[in-house]
Participant: 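Sharing a structure with you now.
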Amino acid sequence: MKVGNRYYRSIWLSEDGWSVEIIDQTCLPHEFVICRLDSLEKAAHAISAMQVRGAPLIGATAAYGLCLALREDSSDEALDKAAAELLATRPTAVNLHWALERMKTALLPLPAAERVTKAYEVAAAICDEDAALNEAIGSHGLSLLQAAAARKRPGERLNILTHCNAGWLATVDWGTALAPIYKAHDLGIDLHVWVDETRPRNQGASLTAWELAGHSVPHSVIVDNAGGHLMQNGMVDLCIVGTDRTAANGDVCNKIGTYLKALAAHDNGIPFYIALPSPTIDWGMEKGVGHVPIEERAPEEVSHVRGLDRKGVLREVSLLPDGSQAANYAFDVTPAKYVTGLVTELGVCEASRNGLEGLFHSRAV
Ligand code: MRU
């Protein structure tokens with residue numbers, strides 16, 4: 001996507017042809033900082049510290065992390081050790097596991113001397129495919145937005161609610177939930193996005209708002225608890241969010257708070273869509289509720305907030321009284337029954353095993 005006058009992906013190969021560059025998402029929205037990753041350790045750190053985040057981008061970064069590791073040592077042992085280190089960075093997004101397995105499947109049968117070249121080829125393919133899958137999601141989701149816009153009265157805009165950041169920053173390009181929004185906006189559909197701030201790390205306020213502003217998409221940031229009120233009062237036509245892992249039965253794991261939005265949407269008869277590329281489907285997980293490993297992060301992400309003060313100085317301030325503890329569950333699982341449809345690269349399907357198998361016959365196990 002465009003930033004100023006330049007097109008960026010969220011990750012790319014440096015001019016040296018072997019190290020990797022990323023946009024450090026911990027610095028957004030106030031600073032646009034590009035960071036160079038030239039070792040396995042830096043790639044693993046970028047994922048665990050959330051310089052890169054979002055399920056598809058985590059997978060793409062891990063793939064390049066393996067490339068960087070293999071440059072040092074391309075033996076079987078080194079490959080396994082590097083993959084294990086990368087896998088341990090974040091537990092919830094299945095794309096991480098998927099990307100590492102795809103790399104290992106391509107690399108292990110090769111003699112060690114041929115692995116580095118092949119690793120870069122596969123990592124580049126993972127990135128290019130992710131951008132293409134998300135663009136296809138954008139086209140399928142666009143049809144849903146066009147249909148919803150057609151139901152509006154003349155002069156009324158379409159109001160869409162989203163949670164967390166499932167835009168181009170969370171993927172290699174386009175985004176999942178935001179791809180249809182970009183396409184609809186570009187076609188001139190009069191729309192407005194309610195952006196959940198998405199505590200504790202505020203990916204909505206910091207990243208989704210930054211993306212939408214950069215693309216001139218009308219939007220308003222709201223506190224996480226505002227969605228129910230807006231839905232009750234006819235101010236939301238449709239919700240669309242991303243996912244970090246979708247179980248084979250259509251249960252959807254996404255950023256904490258997604259479940260509550262789905263409940264409010266259900267209570268108010270508002271469609272609740274999930275946008276996902278197929279690497280986010282965990283075919284081996286029969287049910288999501290109670291089974292997806294839910295990341296627990298540092299309590300300081302809850303107890304403290306970070307931002308610019310009125311003088312433009314970056315500060316971190318505490319919200320809690322001395323002696324209070326914080327708990328930081330990063331994801332929740334929305335049962336399939338509250339999901340109106342899954343928007344994938346192959347089309348929109350019911351959130352169920354039947355729905356997913358109907359689209360992805362050969363891949364279901
Ligand atoms: O903790 P994060 O920022 O990695 O969480 C990201 C999300 O929850 C996104 O909604 C999800 O990865 C889908 S992104 C296409």
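Excluded from the calculations below are hydrogen atoms, water molecules and symmetry mates; all remaining heavy atoms, backbone and side chain alike, are included. Because the structure is a prediction, the values reported are computed rather than measured.
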Participant: Within a radius of less than 6.0 Å around CD of E316, do more than 12 heavy atoms belonging to other residues, nucleotides or ligands occur?
Facilitator: yes
Participant: Tell me whether E72 at atom CD has more than 12 heavy atoms from other residues, nucleotides or ligands lying less than 6.0 Å away.
Facilitator: no
Participant: Please test V3 against W168 for side chain to side chain contact (heavy atoms under 4.5 Å, CB included), starting from the C-alpha separation and ending with a verdict.
Facilitator: CA-CA 11 Å; V3 180; W168 69 271; 3.7 Å; yes
Participant: May I have the step-by-step check of salt bridge (Lys or Arg N to Asp or Glu O under 4.0 Å) for R115 and D73, ending in yes or no?
Facilitator: CA-CA 10 Å; R115 285 180 181 165; D73 181 348; over 6 Å; no
Participant: With the side chain counted from C-beta on, respond yes when C239 and I270 share a heavy-atom pair under 4.5 Å apart, and no when they do not.
Facilitator: yes
Participant: If only atom types and distance count, is the side chain of D16 paired as donor or acceptor with the main-chain N or O of W18 below 3.5 Å?
Facilitator: yes
Participant: Give a yes or no on whether the backbone of E345 and the side-chain of H140 come within a donor-acceptor separation of less than 3.5 Å.
Facilitator: yes
Participant: Applying the 4.5 Å side-chain criterion to the ILVMFWY set and letting contacts propagate, would I58 and M50 be lumped into a single cluster?
Facilitator: no
Participant: Quickly, which of D237, L145, V217, V236 forms a side-chain contact (heavy atoms from CB on, under 4.5 Å) with I160? Name it, please.
Facilitator: L145
Participant: Short question: side chain of Q25, backbone of L169 - any donor-acceptor pair under 3.5 Å?
Facilitator: yes
Participant: With side chain to side chain contact (heavy atoms under 4.5 Å, CB included) as the criterion, how do N159 and L230 come out once you've worked through the C-alpha distance, each side chain's angles and the decisive distance to 0.1 Å?
Facilitator: CA-CA 10 Å; N159 280 301; L230 297 178; over 6 Å; no
Participant: Just wondering, are more than 12 heavy atoms of other shown residues or ligands nearer than 6.0 Å to NZ in K152?
Facilitator: yes
Participant: Go through the steps to decide whether D224 and R199 satisfy the test salt bridge (Lys or Arg N to Asp or Glu O under 4.0 Å), and finish with yes or no.
Facilitator: CA-CA 7 Å; D224 288 325; R199 279 279 286 148; over 6 Å; no
Participant: Judged by modelled atom types alone, do N254 and T243 share a side-chain donor-acceptor pair under 3.5 Å?
Facilitator: no
Participant: Quick one: does R71's side chain get under 4.5 Å of Y120's, heavy atoms only?
Facilitator: yes
Participant: Output, in order, the C-alpha distance, side-chain angles, deciding distance and verdict of side chain to side chain contact (heavy atoms under 4.5 Å, CB included) for V289 and Y259.
Facilitator: CA-CA 11 Å; V289 177; Y259 173 38; over 6 Å; no
Participant: What heavy-atom pair brings A248 and L356 nearest, and what distance separates the two atoms?
Facilitator: O-CD1, 3.7 Å
Participant: Run through E135, E211, H215 and flag the one making a side chain to side chain donor-acceptor pair (under 3.5 Å) with Y182.
Facilitator: E211
Participant: Should V305 and V221 be regarded as members of a common hydrophobic cluster, given that ILVMFWY residues are connected when their side-chain heavy atoms come within less than 4.5 Å of each other, either directly or indirectly?
Facilitator: no
Participant: With a 6.0 Å cut-off (strictly less than), is the heavy-atom count around CZ of F32, excluding the residue itself, greater than 12?
Facilitator: yes
Participant: Does a side-chain N-to-carboxylate-O contact under 4.0 Å join R353 and E357?
Facilitator: yes
Participant: Flag yes if more than 12 heavy atoms outside H192 fall under 6.0 Å of its NE2 atom; otherwise flag no.
Facilitator: yes
Participant: Consider side-chain contact (heavy atoms from CB on, under 4.5 Å). Of T162, I181, V195, which one does H219 pass it with?
Facilitator: V195
Participant: Should the pair K255 and F331 be classed as cation-pi, given the thresholds of under 6.0 Å to the six-membered ring centre and 45° from the axis?
Facilitator: yes
Participant: Is a side-chain N or O of T89 found less than 3.5 angstrom from the main chain of L86, in a donor-acceptor match?
Facilitator: yes
Participant: T176 and side-chain contact (heavy atoms from CB on, under 4.5 Å): which single residue from L276, T171, T344 fits?
Facilitator: T171
Participant: Here's a test for you: under side-chain contact (heavy atoms from CB on, under 4.5 Å), which of T340, L144, L359, L342 qualifies with V348?
Facilitator: L144
Participant: Between D38 and R36, does any side-chain N to carboxylate O distance fall below 4.0 Å?
Facilitator: yes
Participant: Ignoring hydrogens, what is the shortest heavy-atom contact between V94 and P279? Give both atom names and the distance.
Facilitator: CG1-O, 3.5 Å
Participant: Under the 3.5 angstrom rule, does the side chain of T208 hit a backbone N or O of C164 as a donor-acceptor pair?
Facilitator: yes
Participant: Determine yes or no for a side-chain-to-main-chain donor-acceptor pair under 3.5 angstrom, with R245 supplying the side chain and T92 the backbone.
Facilitator: yes
Participant: Only one of T258, T246, V333, V241 forms a side-chain contact (heavy atoms from CB on, under 4.5 Å) with V252, so which one is it?
Facilitator: T246
Participant: Do T26 and D24 meet the criterion of a side-chain donor-acceptor pair at a distance under 3.5 Å?
Facilitator: yes
Participant: Can you tell me if R53 and Q203 form a side-chain donor-acceptor pair at under 3.5 Å?
Facilitator: no
Participant: Under 3.5 Å, side chain of N202 to main-chain N/O of A205, donor-acceptor pair present?
Facilitator: no
Participant: I'd like to know if the side chain of S352 pairs up with that of N354 as donor and acceptor (distance under 3.5 Å, no hydrogens or angles considered).
Facilitator: no
Participant: Is the shortest side-chain heavy-atom distance between L260 and D332 below 4.5 Å?
Facilitator: no
Participant: Should H266 and M231 count as side-chain neighbours, where that means a heavy-atom distance under 4.5 Å?
Facilitator: no
Participant: Between the main-chain N or O of A226 and the side-chain N or O of W194, is there a donor-acceptor pair closer than 3.5 Å?
Facilitator: no
Participant: Set out, in order, the CA-CA distance, both residues' side-chain angles and the distance that settles side chain to side chain contact (heavy atoms under 4.5 Å, CB included) for Y64 and C127, then state yes or no.
Facilitator: CA-CA 10 Å; Y64 274 118; C127 289; 3.7 Å; yes
Participant: To check you understand the geometry: which heavy-atom pair defines the closest contact between D251 and A336, and what is its length?
Facilitator: OD1-N, 2.8 Å
Participant: Heavy atoms, side chains only, cut-off 4.5 Å: are D173 and D130 in contact?
Facilitator: no
Participant: Please report the closest heavy-atom contact between P91 and P293, naming both atoms and the distance.
Facilitator: O-CG, 3.6 Å
Participant: Identify the two heavy atoms, one from C253 and one from I294, that lie closest to each other, and give their separation to 0.1 Å.
Facilitator: SG-CD1, 4.0 Å
Participant: How far apart are the closest heavy atoms of L191 and A184, and which atoms are they?
Facilitator: CD2-CB, 3.6 Å
Participant: Is it the case that the side chains of T280 and N95 hold a donor-acceptor pair, with the cut-off being a distance below 3.5 Å and no angle test?
Facilitator: yes
Participant: Tell me whether S74 contacts the main-chain N or O of V116 through its side chain, where contact means a donor paired with an acceptor under 3.5 Å.
Facilitator: no
